[in-house]
Amino acid sequence: MKTNKSLMAERIKHIPQGPFNVHPIFVAKAKEAIITDIEGKEYIDFAGGIGVNNVGHCNDEVLKAVQDQIQKYIHTCFHVVMYEPYVELAKRLNEITPGNFPKKTMFVNSGAEAVENAIKIARHATGRPATIAFEDAFHGRTLLALSLTSKMKPYKFGFAPYAPEIYRMPYAYCYRCAFGLEYPSCEIHCAYFLREFFHTHISSEQVAALIVEPIQGEGGFIAPPKEYFKILKKICEDNGIVFIADEIQTGYGRTAKMFAMEHYEVEPDIVIMAKSIAAGLPLGAVTGKTDLMDHPQVGGLGGTYGGNPVACRAALAVLEQFTKQNLLSRAEKIGKKVLEEFKEIQAHFSVVGDVRGLGAMVGMELVVDRKTKEPATALTKQLVSRCREKGLLMISAGTHSNIIRPLMPLVITDEQLDRGLSIIEESLGELSTH
Ligand SMILES: Cc1ncc(COP(=O)(O)O)c(C=O)c1O
């Protein structure tokens with residue numbers, strides 16, 4: 001019988017080290033918020049396939065939709081013979097994304113591909129070359145998406161040259177403010193700084209798009225102050241710059257609203273989605289104002305698999321699940337519990353420097369010392385491993401990999417949630433002396 005260890009040996013032999021693995025285990029089956037490995041050990045899943053399994057692993061209704069679809073047809077390529085699920089899903093996304101204006105949607109296979117297409121569309125529509133992105137941003141690993149991503153190691157190191165015409169601003173990372181200011185006395189200087197940026201980095205007339213995560217995911221669950229995005233959006237509007245919200249990790253309810261930008265009352269010109277929208281089938285979406293989306297010529301956008309019918313059917317089932325199971329209010333409840341628990345942990349352990357987030361997107365930043373804020377990278381890694389030993393799967397985030405970022409399925413039970421949070425506290429108690 002194969003074990004985690006024996007399969008790991010084969011994995012090392014046949015697969016390069018580049019595609020990383022957080023946990024040295026192999027799955028046998030997964031249902032809702034529980035993953036069972038090939039040795040029969042059960043884990044509570046606080047990673048959700050990196051924010052993908054919001055409706056739970058193998059959701060029954062998603063399975064039914066997928067099974068029904070694969071009986072009919074699996075692939076024709078939307079560019080060759082069209083199919084209804086693509087059209088139906090586009091229609092739904094045009095309705096539910098923020099903004100009461102005419103919209104259109106196209107589909108791709110992944111988050112990175114959604115990023116690439118959003119930038120292509122913005123460039124085409126504006127006739128301008130440049131994009132503004134942010135420090136600590138993560139937008140994916142294909143060359144343009146990688147160039148927009150901030151973290152050097154392991155993501156960018158050794159892969160230069162990067163795509164040109166990308167300019168990077170500090171983000172609203174209040175715990176580590178790039179300007180040394182404090183909210184609210186800062187008066188959101190980091191957002192108004194964009195105006196100065198046009199003088200010091202790139203002239204506004206050259207900028208096609210500003211791409212931003214409403215809450216940075218891989219960057220460490222960094223949620224900007226409520227005024228931040230309105231200011232950025234207004235400056236973009238004043239300067240003819242396309243405002244792209246990367247909702248790939250925040251999207252579909254993670255923050256207790258379908259889209260995190262709703263918290264900020266901002267209507268992006270383009271919203272990009274992937275991850276949770278199809279419950280694990282590969283699907284990305286670009287939804288934007290009709291005049292922007294229709295700008296590229298016929299054949300200028302697309303791909304062989306983009307908007308695969310099985311993935312579209314899964315995505316339609318996911319949307320139904322959000323309504324039927326009231327997952328937004330569930331996300332709010334989960335978030336409240338996680339926030340309370342993390343604050344409690346912070347009160348007991350000085351290694352917890354910051355607790356922050358919105359809805360069920362709550363992170364905990366670990367530091368060696370609260371004064372110097374030196375990132376506790378090694379401790380975070382140990383914590384993730386110790387939690388696994390105790391039956392909880394977790395992942396970290398942050399430029400210094402020192403932030404705990406729970407992305408549990410929103411269908412997790414109260415009991416599983418409580419147990420998972422206790423494991424984090426117990427493990428931290430075993431690993432940390434302060
Ligand atoms: C905010 C954000 N954008 C883009 C991506 C890239 O998505 P994918 O891994 O599907 O290419 C990710 C993935 O983690 C993400 O979190």
Side-chain angles (χ1 to χ4, degrees), residues 2 7 11 14-15 19 26-38 45 47-97 104-114 116-117 140 142 248-249 251-254 258 272-287 301-325 327 407 409-412:
K2 299 226 161 147
L7 263 184
R11 182 255 178 265
H14 300 295
I15 300 170
F26 290 81
V27 60
K29 60 182 180 178
K31 189 73 186 164
E32 291 162 358
I34 298 292
I35 289 181
T36 310
D37 77 5
I38 53 165
D45 183 12
I50 319 192
V52 167
N53 297 103
N54 288 2
V55 299
H57 292 277
C58 295
N59 176 288
D60 289 340
E61 296 304 313
V62 172
L63 288 186
K64 269 190 215 155
V66 165
Q67 278 157 359
D68 180 62
Q69 184 57 43
I70 59 178
Q71 300 296 331
K72 293 175 179 158
Y73 54 94
I74 294 174
H75 175 81
T76 58
C77 184
F78 190 70
H79 308 309
V80 181
V81 176
M82 295 175 282
Y83 38 86
E84 191 179 347
Y86 192 119
V87 181
E88 186 57 28
L89 185 61
K91 191 169 134 198
R92 293 285 289 120
L93 294 188
N94 295 339
E95 284 162 6
I96 65 167
T97 44
K104 289 195 176 181
T105 293
M106 66 166 287
F107 295 109
V108 290
N109 303 296
S110 67
E113 239 191 295
E116 303 262 344
N117 279 278
T142 54
I248 288 165
Q249 195 158 146
Y252 274 27
R254 177 56 46 189
M258 280 313 260
I272 47 181
M273 294 150 266
K275 286 199 183 282
S276 74
I277 68 171
L281 276 91
L283 186 69
V286 186
T287 301
L301 304 172
T304 305
Y305 293 117
N308 168 273
V310 186
C312 287
R313 285 292 302 276
L316 286 163
V318 167
L319 282 177
E320 257 181 52
Q321 287 300 295
F322 264 88
T323 318
K324 277 194 185 147
Q325 296 201 51
L327 291 180
L407 284 163
L410 300 175
V411 297
I412 192 166

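Side chains are part of it too, since the values below use all heavy atoms of this structure and drop only hydrogens, waters and symmetry mates.
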Check your understanding: Taking only residues at least two apart or on different chains, which pairs with a member in residues 312-323 satisfy salt bridge (Lys or Arg N to Asp or Glu O under 4.0 Å)?
Key -> D68-R313, E320-K324

Point to revise | Full working for side chain to side chain contact (heavy atoms under 4.5 Å, CB included) between V411 and L327 | key: CA-CA 8 Å; V411 297; L327 291 180; 4.0 Å; yes

Review point. Are side-chain heavy atoms of V108 and E116 found at a separation under 4.5 Å?
Key: no

Check your understanding: Step by step, would you call F26 with R11 a side chain to side chain contact (heavy atoms under 4.5 Å, CB included)?
Key -> CA-CA 10 Å; F26 290 81; R11 182 255 178 265; 4.1 Å; yes

Check your understanding: Short question: side chain of T287, backbone of L93 - any donor-acceptor pair under 3.5 Å?
Key -> no

Review point. Given side chains that start at C-beta, do those of F322 and L410 come closer than 4.5 Å, heavy atoms only?
Key: yes

Practice item. Any chance you could measure R254, atom CZ, to L407, atom CG, to the nearest 0.5 Å? Key: 5.0 Å

Check your understanding: Distance-only, no hydrogens or angles: does the N54 side chain make a donor-acceptor pair with backbone N or O of G253 under 3.5 Å?
Key -> no

Practice item. Could you tell me which non-hydrogen atom of N117 sits nearest to which non-hydrogen atom of E113, and how far apart they are? Key: ND2-O, 2.8 Å

Revision key, fill the gap. The reported gap from CG in L7 to CG in D37 (rounded to nearest 0.5 angstrom) is 10.5 Å

**Study point:** For C77 against G303, the heavy-atom pair lying closest together
**Key:** SG-O, 4.3 Å

Check your understanding: Would a 4.5 Å heavy-atom cut-off, applied to side chains only, mark I96 and L319 as touching?
Key -> yes

Review point. Parallel, tilted or perpendicular for Y86 and F78, by the 30°/60° rule?
Key: parallel

Revision key, fill the gap. Minimal heavy-atom distance between A314 and V62, with the atoms involved, is CB-CG1, 3.9 Å

Review point. Taking the side chain as C-beta and beyond, is there a heavy-atom pair between I248 and I272 under 4.5 Å?
Key: yes

Point to revise | Check: L89 and T105 side chains under 4.5 Å, non-hydrogen atoms | key: no

Practice item. Decide yes or no for T304 and H75: does some side-chain heavy atom of the first lie under 4.5 Å from some side-chain heavy atom of the second? Key: yes

Check your understanding: Where do L283 and G307 come nearest, in terms of heavy atoms and distance?
Key -> CD1-CA, 3.8 Å

Practice item. Any chance you could measure L301, atom CG, to F107, atom CZ, to the nearest 0.5 Å? Key: 13.5 Å

Point to revise | Contact check, side chains of I50 and K275, non-hydrogen atoms, under 4.5 Å | key: yes

Revision key, fill the gap. Of all heavy-atom pairs linking A274 and S110, the shortest is CB-C, 3.9 Å

Practice item. Measure across A114 and M273 and return the closest heavy-atom pair with its distance rounded to 0.1 Å. Key: CB-O, 4.0 Å

Practice item. Give a yes or no on this: more than 12 heavy atoms of other residues, nucleotides or ligands lie within 6.0 Å of atom OH of Y305. Key: no

Exercise for review: Run through K31, Q325, K64, E32 and flag the one making a side-chain contact (heavy atoms from CB on, under 4.5 Å) with N59.
Suggested key: Q325

Exercise for review: Could you tell me whether the side chain of V87 reaches within less than 4.5 Å of the side chain of M82, counting heavy atoms only?
Suggested key: no

